[in-house]
Amino acid sequence: KVGWYNAVLQPAFHLPYPDDTLAFVVLSTPSMFEKALKPFVNKERLKIIRDPVDQCVSHHLSHVKEKFPDQKVDIIFDYEILPSRKPKFLAQTAAHVAGATYYYQRKDVELDPWGKKKIYGVCIHPKYGGWFAIRGLLLFPDIQVPFLEQSAPVDCVSTQEKRIELLEQFNFHWQDGRYRDIIEVKERYSEEQKAYFATPPAERFKLLGLTQEAQ
């Protein structure tokens, strides 16, 4: 429910819907690259003019919207920002309150070792660890769900030592991706997918076989 999200954030970040409004947080799993992105690129090759992943997600979520012709469906993508440069929604907070992933933050560590350093939080999925992404929010403004019960996210990094290790790795060594394997995972990115996301965005078109014209 939108109210669960708004309840934990300052008013500047609130979503402008009644508290009981139904919303879905959309995640992409490790197999998204092979099952969605590559087929999308092959089919829509000439229409790709910006980030291929963003366009792929937009393509698939617009299809979801078409499945509900009698409903108003609002979509907010993870990459959208307001004129103030703030994100349109805080993806990790939304995933946490929806019970999809646990958002580990500095406040989850009792004996904080970081002093005055800025420490960013990170979401971990009980099945995929850090090998997933939060892609968007689907909102159904005309559907109110007052009796929907909130599910707590799975606290899969439960010891203080592991939480410190997770936040250390994410904040200071994020490039090597070790934080993604903080727990035993069921599935992770393929080597091709790792290479893709490790490549600077401007050079990713070449990896997918897209021409400069398409870019």
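Just so you know, these numbers come straight off a predicted model, no measurement behind them.
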Quick one: does H14's side chain get under 4.5 Å of Y5's, heavy atoms only? no

Evaluate the ring planes of F24 and F140, with Trp represented by its six-membered ring, and classify them as parallel (under 30°), tilted (30 to 60°) or perpendicular (over 60°). perpendicular

Between the side chain of D108 and the main-chain N/O of Q105, is any donor-acceptor distance below 3.5 Å? yes

Aromatic contact, F33 with Y189 (centres under 6.0 Å): no

Starting from F89, can I reach L9 by hopping between I/L/V/M/F/W/Y residues whose side chains sit under 4.5 Å apart? yes

Donor on one side chain, acceptor on other, T29 and E187, under 3.5 Å: no

Measuring only between side-chain heavy atoms, which start at C-beta, is Y79 closer than 4.5 Å to S58? yes

Close side-chain approach of Q55 and E44, heavy atoms under 4.5 Å: no

Within a 6.0 Å radius of atom CZ on F172, are there more than 12 heavy atoms belonging to other residues, nucleotides or ligands? yes

Under 3.5 Å, side-chain donor or acceptor atoms of residues 128-135 against the rest of the protein: list the pairs with distances, not counting sequence neighbours.
unit_1, atom_1, unit_2, atom_2, d
W131, NE1, D181, OD1, 2.9
R135, NE, S28, OG, 3.0

In plain terms, say whether K1 and D19 are close enough for a salt bridge, that is, a side-chain N and a carboxylate O under 4.0 Å apart. no

Please say whether more than 12 non-hydrogen atoms of neighbouring residues, nucleotides or ligands are located less than 6.0 Å from CD in Q175. yes

Do P52 and R204 touch side chain to side chain, with heavy atoms closer than 4.5 Å? no

Please round to the nearest 0.5 Å and tell me the distance separating atom CG of L90 and atom CG of D78. 12.0 Å

Is the distance between the ring centroids of F40 and H59 under 6.0 Å? yes

Side-chain polar contacts of residues 91-100 - donor-acceptor pairs under 3.5 angstrom, sequence neighbours left out - could you list them?
unit_1, atom_1, unit_2, atom_2, d
Q92, OE1, C123, N, 2.8
Q92, NE2, G121, O, 3.3
H96, ND1, Y103, N, 2.9

Starting from the C-alpha separation in whole Å, work towards a yes-or-no answer on side chain to side chain donor-acceptor pair (under 3.5 Å) for Y104 and D155. CA-CA 9 Å; Y104 291 97; D155 180 6; 2.6 Å; yes

Validation row: C156, I183 side chains within 4.5 angstrom (heavy atoms): yes

D74-Y17 side chain donor-acceptor pair, cut-off 3.5 Å: yes

